[in-house]
Amino acid sequence: VPSSTQIPKQGEKLNILLVTRGHPFDRDGFFDIFDGNPQIQYSNVEHPAAQYMFTPEMADKFDCYVQYDMPGIKFGSDTPEYFEPPEFYKEGLRAMGEAGSPLVLLHHCAAAWPAWPEWAEIVGGQFLYTPMQSRGIDCPDSGYNIDVVHRVSPAMDHPITLGIEPFDIEDEVYLSQVFEESVTPLLTSDWGFEQTNFYSAANAVVRGELNSNKDWHHPNGSNLIGWIKNYKNAPVVYLQCGDGPAAYKNPNFRRILAQAIHWASSDEAKSWARELNKSS
């Protein structure tokens, strides 16, 4: 794949919209990833105001949207409440897909909008806080394990994995739904994606039992932790990495994310997504 569009021309920067809120995070450490990248400039917008930015007209002002958000869930003392996005947001996002507006989605984005199944199709997978349907099939709640040291390896040669050798990262991993047949693999992990290596999300958010897999059963899952796909005519990158300060500081994660932004913003990526959309 030609790499000419990977790097902005001298003096030019990619203009990024960074979308946050819905899940707590270390703000200084996270924003330092972007402050430390001289090849981009970014604006940050939070939900619910962010929802008004999801139109092709707004997206046209940016090279790429980078999302680190988890809307659609209200946590309380009992079971989380799930709610759909407003209709104008759905229509805006669909129109962005038709227009080919690129998305780079990080980590807990996979848990967003659980009451709106189309979001999981945009991501290419889904993290479930409680047992519910995913792609029309009854599924158990997903598993998590925080601060795991695992080895990440490129699954193929691609502009996003350029210069990346297998590397170790300390990060959170998910045992969740991955729609393998709908995505192109980018990154795999050597972690064992089986229930004994994870904790139940529902035990944590419903019963208040952190790091517990008591009475929880989950089939073995995919070791894919990064992929590319299309949403209509738009290129989409999903990276499961990026939970906290240790991951934010990891130079390989920073490089992969920077290259993901440049690839998603490129003409090559948009052309690739259009071709995929045509063939499907």
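Bear in mind that the values here come from a model prediction, so they are computed numbers and not experimental data. Below, all heavy atoms of this structure are taken into account, side chains as well, without hydrogens, waters or symmetry copies.
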_Under 4.5 Å between side-chain heavy atoms, counting indirect links through other Ile/Leu/Val/Met/Phe/Trp/Tyr residues: same cluster for Y238 and V19 or not?_
yes
*Should the heavy atoms of other residues, nucleotides or ligands under 6.0 Å from CZ of R254 be counted, would the total exceed 12?*
yes
*Between I73 and E81, is any pair of side-chain heavy atoms under 4.5 Å apart?*
no
*Quick one: CG on N277 to OH on Y231, what's the gap to the nearest 0.5 Å?*
10.5 Å
*Output the distance between atom CG (L14) and atom CD (Q39), rounded to the nearest 0.5 Å.*
8.0 Å
*Does the pair S222 and E180 meet the rule for a side chain to side chain donor-acceptor pair (under 3.5 Å), with working shown?*
CA-CA 8 Å; S222 172; E180 286 190 333; 2.6 Å; yes
*Separation between NE2 of H107 and CG of D69, rounded to the nearest 0.5 Å*: 13.0 Å
*Check whether any side-chain heavy atom of W272 sits under 4.5 Å from a side-chain heavy atom of I228, and report yes or no.*
yes
*For K90, does the NZ atom have more than 12 heavy-atom neighbours from other residues, nucleotides or ligands under 6.0 Å away?*
yes
_Please report the interatomic distance OG(S43) to CG(N15), rounded to the nearest 0.5 Å._
6.0 Å
*Scan K229, R135, R94 and name whichever one has a salt bridge (Lys or Arg N to Asp or Glu O under 4.0 Å) with E121.*
R135
*Report yes or no: does N203 contribute a side-chain atom to a donor-acceptor pair with the main-chain N or O of K214 at less than 3.5 Å?*
yes
*Is any side-chain heavy atom of H158 less than 4.5 Å from a side-chain heavy atom of T184?*
no
*Are L18 and I256 in one and the same hydrophobic cluster, where Ile, Leu, Val, Met, Phe, Trp and Tyr link if side-chain heavy atoms are under 4.5 Å apart?*
yes
*asked:* I need the single residue from V178, I225, L224, N223 that forms a side chain to side chain contact (heavy atoms under 4.5 Å, CB included) with P185. Which is it?
replied: L224
*Under the criterion ring-ring contact (aromatic ring centres under 6.0 Å, His included), which of W216, F193, Y174 is the partner of F198?*
F193
*Does the gap between the ring centers of Y82 and Y129 come in under 6.0 Å?*
no
*Exercise: identify the closest heavy-atom pair between V236 and N230*: CG2-C, 4.3 Å
_Residue pair I40 / K13, side-chain heavy-atom distance below 4.5 Å_ = no
*Using a 4.5 Å cut-off on heavy atoms from C-beta on, say whether the side chain of L187 contacts that of S153.*
no
*May I ask you to test the V66-Y42 pair for a side-chain heavy-atom distance under 4.5 Å?*
no
*Taking side chain as C-beta onward, heavy atoms only, is F83 less than 4.5 Å from W116?*
no
*asked:* Does the plane of the ring in Y68 sit parallel, tilted or perpendicular to the ring in H108? Use 30° and 60° as the thresholds.
replied: tilted
*Check G100 against K270 and note the closest heavy-atom contact, atom names and distance.*
O-CG, 4.0 Å
*Any luck finding a side-chain donor-acceptor pair between Q126 and S134 under 3.5 Å?*
yes
*asked:* Check the orientation of F88 and Y52. Use parallel for under 30°, tilted for 30 to 60°, and perpendicular for over 60°.
replied: parallel
*Under a 4.5 Å cut-off applied to non-hydrogen side-chain atoms, are L186 and M156 in contact?*
yes
*Rounded to the nearest 0.5 Å, how far does CZ of R255 lie from CG of N250?*
12.5 Å
*May I ask you to check whether over 12 heavy atoms, not counting those of D28, lie within 6.0 Å of atom CG?*
no
